[in-house]
2 protein chains.
Amino acid sequence: MGGKKTRITNHIRRIRLARTDLTQAELARCVGATRQTIISIEGQKYAPSLELAFRIAHTLGEPIEEVFTFDPSGLEI
Amino acid sequence: MGGKKTRITNHIRRIRLARTDLTQAELARCVGATRQTIISIEGQKYAPSLELAFRIAHTLGEPIEEVFTFDPSGLEI
DNA sequence: AACAAATGTAAAGTATTTTTTACATCACTT
DNA sequence: AAGTGATGTAAAAAATACTTTACATTTGTT
């Protein structure tokens with residue numbers, strides 16, 4: 001119900017604004033997703049699929065690990 | 001119906017056998033997934049979530065981009 | 001041969017991600 | 001003030017990832 005709190009954090013917005021002048025809609029089009037998807041991910045509502053993560057990182061010109069960070073706290077309890 | 005052909009390829013099995021002596025079941029336990037999930041991913045049935053991808057790469061001691069490669073052919077048509 | 005460990009297949013159910021659609025707000029320009 | 005572009009919310013439906021359970025195959029060992 002409450003969703004399962006992904007331990008992934010993304011820095012899409014910061015990088016998008018710092019390194020590109022893409023709007024959310026343009027980024028969405030570039031990566032083949034919808035604007036709504038970008039909004040939800042930027043708002044940390046959920047983590048993207050691996051494929052979408054690759055596309056976003058590639059479009060932003062950064063390695064995946066720069067755009068998405070993983071909090072490696074042990075296995076879920 | 002036939003699923004949407006993810007453009008992600010993974011090298012989990014090769015790396016798992018080369019760099020570790022983990023079984024599929026052990027890897028599954030390490031990353032908090034089931035054996036069935038590891039089997040399906042190793043068999044390229046589907047790509048893992050970004051979070052699971054991070055965990056697998058971390059457990060295998062390789063960066064994500066070594067374990068998973070993305071074929072960046074243009075947007076789907 | 002019998003047993004165990006590792007891998008594989010299958011199918012139904014749950015959870016999560018993505019799309020689609022519609023409408024709201026804010027900043028900027030004419 | 002009216003219009004446009006960028007961002008936001010919401011909610012239902014579709015697509016994809018993951019779990020659970022049960023059984024099959026292969027390989028190696030006693």
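Quick note on labels: first sequence line is chain A, next is B, and so on, each numbered from 1.
- Two residues are said to be in side-chain contact when any heavy atoms from C-beta on lie closer than 4.5 Å; I64(B) and E65(A) meet this criterion.
- Put simply, the side chain of T69(A) does not reach to within 4.5 Å of the side chain of I8(A), judged on heavy atoms.
- Dashed line: the shortest gap from a side-chain N or O of T37(A) to OP1 or OP2 of dT19(C) is under 4.0 Å.
- For the OP1/OP2 pair of dT16(D) and a distance below 4.0 Å, the side-chain nitrogens and oxygens of S49(B) include no atom meeting the criterion.
- Between D21(B) atom CG and dA5(C) atom P the separation is 16 Å, expressed in whole Å.
- If you measure from atom CG of L52(A) to atom C1' of dT19(C), you get 12 Å, rounded to the nearest angstrom.
- The separation between I12(B) atom CD1 and dG8(C) atom P is 12 Å, rounded to whole Å.
- Counting heavy atoms from C-beta outward, H11(A) and R16(A) have side chains that stay 4.5 Å or more apart.
- By the side chain to side chain donor-acceptor pair (under 3.5 Å) test, Q44(B) pairs with N10(B), sequence neighbours left out.
- Between P63(A) and A57(A), the shortest heavy-atom contact is C-CB, 4.1 Å.
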I would like to know whether R13(B) and Q24(B) meet side chain to side chain contact (heavy atoms under 4.5 Å, CB included); could you show each step before the answer?
-> CA-CA 9 Å; R13(B) 164 159 301 192; Q24(B) 290 179 332; 3.0 Å; yes
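- For the pair I8(A) CD1 and dT16(C) P, the interatomic distance rounds to 14 Å; values are reported in whole Å.
- Between T34(B) and dT19(D), a side-chain N or O to OP1/OP2 separation shorter than 4.0 Å is present.
- Atom P of nucleotide dT16(D) and atom CD1 of I41(B) are separated by 16 Å, given to the nearest angstrom.
- In this structure, R55(A) atom CZ and dT17(C) atom P are separated by 18 Å, rounded to whole Å.
- One can place OH of Y46(B) at 18 Å from P of dA15(D), the figure rounded to the nearest angstrom.
- At a cut-off of 3.5 Å, with distance as the only test, no side-chain donor of S40(B) or T37(B) sits close to an acceptor on the other residue.
- Rounded to 10 degrees, the angle separating the terminal helix axes of the helix from dA1(C)-dT30(D) to dT30(C)-dA1(D), each built from five base pairs, is 30°.
- Here the shortest heavy-atom pairing between P48(A) and L50(B) reads O-CB, 3.4 Å.
- Within the 4.5 Å cutoff, the side chain of L27(B) has heavy atoms near those of the I12(B) side chain.
- Put simply, CD on E26(A) is 10 Å from C1' on dG5(D), counting in whole angstrom units.
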Quick one: what's the B/S/- string for nucleotides 7-12 of chain D, heavy-atom cutoff under 4.0 Å, read 5' to 3'?
-> BBBB--
